[in-house]
*Asks:* 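Take this structure first; my questions come after.
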Amino acid sequence: MHFIFWLLAFILSGGAGYWVYNTDKKRAVPYPWLTALLRSLVVFLTLLLVLAPVFTITRNETQKPVIVFLQDNSRSMIPALGADSGTYGKNARQLIQQLGEKYKVVQWGFGSAVQTDSLFQYHQTATDIAAALTRVQDFFGRQNLGAVILATDGRFNQGMNPLYQPLALHSPLYTVAIGDSAAQKDLRVAQVYANKEVTLNSQFEIRCDIVATQCNGYSNGIQLLDGNANVASAPINITTDRYDRSVSFTVKATKPGMHHYIISAPYAEGEKNITNNRHDIFVDVVEEKKNILIASVAPHPDVNAIKEALSGLETYKVTVRTIDNFPTSLSDYQVIILHQLPMAGTKVAEEIHAAGKPVWYILGPHSDGTAISQLQKQMTVNMNMNAQHDVLANYNTTFNLFTLPQNTQAVLDKMPPLSAPLGVVQAGPNAGILFTDKQSTNSPIWLLQQGTTPTALLTGNGIWRWRLYEYKNFGNHNVVDECIRQTVAFLAANTNDKPFSVSLPKYVWRDEEPVILNATLLNANNEQVNTPEAQIIITDSAGNKHNFALERNGTAYHLNAGVWAGGTYTYAAHTVYNGKTYNASGSFVVESVPLELMETGADYPMLYGLAKKYDGNLVPAAQIASLYDSITHNQNIKPVIQANTQTVPLVDWKWYFFLLLAIAVTEWLLRKYWLAQ
């Protein structure tokens, strides 16, 4: 309260007390000074409510440092700890109890998700270290975070590598290394690269990474099976204790339908973990011929380059049109490629919107970026088409929507720049960025947007030069043509001309997750309907059949078939619409191999690097108790005194009202008593 308010309250309350004192003295009140004092207090407290209704109170609070204990709660902890599981749990709980006496300790378990209970149960089916550290940063980054204790074997199978994640963690990170760091004999199929859909009679590549430790002297052949038939074999000879090599198979799609390929690596002698020597892949071979429309503002060499890249594929029929000869109907085309279209002043945008077809936009000076943004709501094109500049392409190695030849980056390094407009493109969710601008890695050049109606965007024109330069430097057009073909195949993948079809988000499932199936039924106008009932039969490898009714979901069908045991399953769905029976069939695989067992052993180098990056240190699990001394002797981990200022209105204090009332009643009672004498 301002000084003038206090002074005014004292003067007025003092005046009131003086007046009461003189009056009561004349009345011969026994103690006039007492009634005067009580009256002064009543006036003073009342004036405070009027003159200073709000008080500011400052409290100093001591905030203890927060110690976050992150325990890996995945299934890989069971073999990593072995017989020491009970001892480790006891030591870890004792450390948490000791730290709790000086700090605020938060206990979290993590695997595929973070949990706050059952820290030492080790039941989660995957490990995501980066996500757990990110959550610590999100929850406690603005508090007095003293330290993070990460107890794990260092093996992760989800999320990014925590060593390279952009984490603003300003507190020390102590890692507790669990498990045996000695490399075990193991041969595994680490990763597989294959296109989800290929065309009939075309050749495609299936590539896998073979990783081996302590398998020096191993010599055998990696097999590719189509069902039970051996399709191809690739020999490998391991001459080192650490081996990492990509193996490639070239396959010709001679039969339409969904193909179940298996990559199998014969196990090495003495190898304990043979569950990761196999990998299942599903590739859909399509035979229907799809109509592709390439429309441009005017004849352009890019159009001819795209046409030549697609001309060798029997499943595509390519039609080229210019704006002055644009088709009156787009219903006959499965994919539309627009070169510098839509253009302002034309009706192309309206016709594209009405058609609802997958579109590949190639930008140029005549393109209307606003119209492109409005035609699809997932990505935004904010570019000045009149301001063109040169951009060099860089291959995004994290792109996974389809597979390109291994020498893609080497080819791109020899490519001339594309001519692209100035500005930015904001990709939507589920976007795959194939190429980025070398000078700005966040700026996409070639991207593919997944969705109900997929979309592709190439921000620059001049890919005809790419074909010329690739032929000049490498004697072929393989990489550029494959980029064009795979982009068109991506767009055409969802353009199914079959009236009734069943699809799965993926065809290889784990035995701990429910299998999901989706189905669509198209009427004569290619509109989705689900008025008739639809049934599906799932058959396991032993011939046992399981009947389900597909549930209606919007205008489509959906089925959560639940969790299944490991094995190969086939499905057959059928429905009757307008008196005609429609069928759809396929297969899927349920893996009984736990994700946590795909890679065994402890990664001490990663844990050491993580601790060093965040100014902590690494301790073996048997020495976890030593972290108490490390943390308590760290001078940077100390309490923080925080001043909290609070504004409190006097009217909110109930006791203030009762105090005022008590003083006033006391004066009234005294005066009544004394005047009654």
*Asks:* Who passes ring-ring contact (aromatic ring centres under 6.0 Å, His included) against Tyr608, sequence neighbours left out?
*Replies:*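 In terms of ring-ring contact (aromatic ring centres under 6.0 Å, His included), with neighbours along the sequence ignored, Tyr608 is linked to no residue.
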*Asks:* Can you list everything that forms a salt bridge (Lys or Arg N to Asp or Glu O under 4.0 Å) with Lys506? Sequence neighbours excluded, please.
*Replies:*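 Counting only residues at least two positions away or on another chain, Lys506 forms a salt bridge (Lys or Arg N to Asp or Glu O under 4.0 Å) with Glu513.
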*Asks:* Listed by chain and number, what are the side-chain contact (heavy atoms from CB on, under 4.5 Å) partners of Ala664, not counting sequence neighbours?
*Replies:*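 Per chain and number, Ala664 pairs via side-chain contact (heavy atoms from CB on, under 4.5 Å) with Val42.
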*Asks:* Quick one: ring-ring contact (aromatic ring centres under 6.0 Å, His included) partners of Phe140, sequence neighbours excluded?
*Replies:*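 Applying ring-ring contact (aromatic ring centres under 6.0 Å, His included) to Phe140 gives Trp108.
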*Asks:* Could you give all pairs that pass the salt bridge (Lys or Arg N to Asp or Glu O under 4.0 Å) test and reach residues 616-631, with sequence neighbours left out?
*Replies:*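 As it turns out, there is no salt bridge (Lys or Arg N to Asp or Glu O under 4.0 Å) pair with a partner in residues 616-631 once direct neighbours are skipped.
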*Asks:* So how far is it from Leu618 CG to Lys612 NZ, rounded to the nearest 0.5 Å?
*Replies:*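 The CG atom of Leu618 sits 13.0 Å away from the NZ atom of Lys612.
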*Asks:* Can you name the side-chain contact (heavy atoms from CB on, under 4.5 Å) partners of Thr455, sequence neighbours left out?
*Replies:*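 Listed in chain order: Tyr361, Gln376, Met379, Gln449.
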*Asks:* Indicate every side-chain donor-acceptor pair of residues 161-178 with a distance under 3.5 Å to a residue at least two apart or in another chain.
*Replies:*
from   : atom 1 : to     : atom 2 : distance (Å)
Asn161 : OD1    : Leu163 : N      : 2.9
Gln165 : NE2    : Ala130 : O      : 3.3
Gln165 : NE2    : Thr134 : OG1    : 3.1
Ser171 : OG     : Leu145 : O      : 2.5
Tyr174 : OH     : Asn634 : ND2    : 3.2
Thr175 : OG1    : Leu607 : O      : 3.3

*Asks:* What residues, two or more places apart in sequence or in another chain, satisfy salt bridge (Lys or Arg N to Asp or Glu O under 4.0 Å) together with Arg552?
*Replies:*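 Arg552: salt bridge (Lys or Arg N to Asp or Glu O under 4.0 Å) contacts with Glu533.
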*Asks:* Using a cut-off of 6.0 Å, state whether more than 12 heavy atoms not belonging to His123 lie near its atom NE2.
*Replies:*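 Counting other residues, nucleotides and ligands, NE2 of His123 exceeds 12 neighbours.
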*Asks:* Can you list the residues that meet the side-chain contact (heavy atoms from CB on, under 4.5 Å) rule with Thr23, with sequence neighbours excluded?
*Replies:*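 Per chain and number, Thr23 pairs via side-chain contact (heavy atoms from CB on, under 4.5 Å) with Trp19, Arg27.
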*Asks:* Report the residues that fulfil side-chain hydrogen bond (donor to acceptor under 3.5 Å, both in side chains) with Asn530, sequence neighbours left out, ordered by chain and then residue number.
*Replies:*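 With sequence neighbours excluded, Asn530 shows a side-chain hydrogen bond (donor to acceptor under 3.5 Å, both in side chains) to no residue whatsoever.
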*Asks:* Can you list everything that forms a ring-ring contact (aromatic ring centres under 6.0 Å, His included) with Phe399? Sequence neighbours excluded, please.
*Replies:*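 If we apply the ring-ring contact (aromatic ring centres under 6.0 Å, His included) test to Phe399, skipping adjacent residues, the hits are Phe402.
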*Asks:* By the salt bridge (Lys or Arg N to Asp or Glu O under 4.0 Å) test, which pairs, at least two apart or in different chains, include something from residues 39-51?
*Replies:*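 For residues 39-51: Arg39-Glu667.
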